[in-house]
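Structure first, commentary second.
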Number of protein chains: 2
Amino acid sequence: MDDEQLKLNNQICFPIYSVSRLITKAYKPFLEKMGLTYPQYLVLLVLWENDNISMSKIGEKLLLNTNTLSPLVKRMEKMELLQRKRSDKDERSVFIQLTPKGKELKNTAVPIPEKLLNTLMTEDVTLTEIMLLKDTLNKWSDILSEKQNDEQ
Amino acid sequence: MDDEQLKLNNQICFPIYSVSRLITKAYKPFLEKMGLTYPQYLVLLVLWENDNISMSKIGEKLLLNTNTLSPLVKRMEKMELLQRKRSDKDERSVFIQLTPKGKELKNTAVPIPEKLLNTLMTEDVTLTEIMLLKDTLNKWSDILSEKQNDEQ
DNA sequence: CAAAATTAAATCGTGCACGATACAAATTTA
DNA sequence: TAAATTTGTATCGTGCACGATTTAATTTTG
């Protein structure tokens with residue numbers, strides 16, 4: 001049987017899956033100081049760039065459904081990083097606003113990307129290579145998410 | 001404040017994180033037919049290549065700890081895909097063997113990698129690009145997992 | 001050999017992911 | 001405008017991930 005393609009080393013998804021987890025782990029020491037998980041950090045990235053937006057808009061940017069985002073954001077509200085407010089215009093929508101505490105956390109976060117890059121870079125994985133990877137994956141992400149949206 | 005690096009589009013990890021989830025989603029229709037989740041499929045990939053190996057060896061290959069793997073494998077035992085057996089030589093070790101049902105599933109799985117590749121490829125993401133990505137990520141995965149092992 | 005250290009699994013608790021479903025508010029349609 | 005549909009969010013159940021701790025078996029060390 002021609003099963004060469006079933007070998008772990010020939011899989012495409014497996015390295016993406018494992019590198020994703022390895023990078024999340026690399027974030028941990030930095031995020032721990034702020035009491036954040038990686039998905040929570042992502043929500044803050046969105047809000048720091050664009051405060052007072054709806055749940056659906058956040059989900060759209062992070063490719064997360066409400067069944068993931070809803071409890072995640074509620075935990076962040078409990079941590080007093082943000083506030084949930086139902087829109088007056090459209091009572092279905094919930095808008096998310098950063099609290100002062102949530103805004104302030106940005107200062108702590110500013111040095112993270114560079115620190116992380118230093119952690120991730122090695123002799124064998126150069127900055128150029130990482131940037132190339134990032135661009136390819138960004139392109140792919142756009143295409144795949146659109147594709148999966150179309151399917152339903 | 002120079003916060004350009006905090007923008008979502010400039011993040012390195014985010015596209016890896018989202019593409020990983022998007023690809024797992026792309027696997028779903030194929031794996032669903034076999035009643036498998038993606039991590040369960042990974043365990044089978046390992047076993048099809050190397051039957052009757054220990055829990056720790058599987059975890060090493062998939063970069064998964066026992067606290068993830070242990071319940072995962074138990075679920076697969078319940079599905080009668082494999083059997084767990086304590087080693088006689090070393091009573092601490094548990095070795096995993098495929099059942100006939102688990103072995104047979106390989107036949108169903110053989111066409112998956114090609115089908116998936118067709119799903120993942122588009123005009124804008126060529127096979128060459130995907131293969132390049134795979135190699136870079138494989139290299140990175142090796143380096144990062146070793147690095148994180150050293151740290152503790 | 002006995003005590004200390006190491007190793008292999010398992011368990012516990014928390015937080016994602018996500019399919020499925022529910023539900024109320026808004027919009028479209030007949 | 002009333003009925004049907006769509007939209008935005010929330011909830012439920014299941015299955016990962018993973019840090020921390022536990023337990024038992026083996027190996028190392030004094």
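Letters go in sequence order (proteins before strands), and every chain restarts at 1.
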Over how many whole Å does the gap from A:E91 atom CD to C:dA26 atom P extend? 6 Å

Phosphate-side-chain proximity, A:Y17 and D:dA17, N/O vs OP1/OP2 below 4.0 Å: yes

Do any side-chain nitrogens or oxygens of B:Y38 fall under 4.0 Å of OP1 or OP2 in C:dA17? no

Measure the distance from CG on B:N65 to P on C:dA9 and round it to the nearest whole Å. 12 Å

Can you figure out which of C:dT11, D:dT7, C:dC18 approaches the side chain of B:N67 most closely? C:dT11

Which whole-number value in Å describes the distance from B:R86 CZ to C:dA9 P? 8 Å

Contacts of B:K57 and B:K25 projected onto DNA chain C by closest heavy atom; the upstream (5') one is B:K57

Quick check on C:dT14: is either OP1 or OP2 less than 4.0 Å from any side-chain nitrogen or oxygen of A:R75? no

Could you work out which one of C:dA9, D:dT9, D:dG15 sits closest to the side chain of B:S93? C:dA9

Whole angstrom is fine here: how far is it from CG in B:L62 over to P in D:dA17? 10 Å

Is there a side-chain polar atom (N or O) of A:R84 under 4.0 Å from OP1 or OP2 of D:dA10? yes

Contact nearer the 5' end of DNA chain C, comparing B:M55 with A:L72: B:M55

Is any side-chain N or O of B:T66 closer than 4.0 Å to OP1 or OP2 of C:dA9? no

Do the side-chain N or O atoms of A:S56 get closer than 4.0 angstrom to the phosphate oxygens (OP1, OP2) of D:dT9? yes

Any side-chain to backbone donor/acceptor pair from A:S145 onto A:D142? Under 3.5 Å, distance only. yes

Between C1' on D:dC18 and CG on B:L64, what's the gap in Å once rounded to a whole number? 10 Å

Roughly how many Å is it from NZ in A:K85 to P in D:dT9, rounded to a whole number? 16 Å

If the cut-off is 4.0 Å, is B:K74 near the phosphate of C:dT11, judged by side-chain N/O to OP1 or OP2? yes

The side chain of A:T68 lies closest to which of these nucleotides: C:dA10, C:dA17, D:dT26? C:dA17

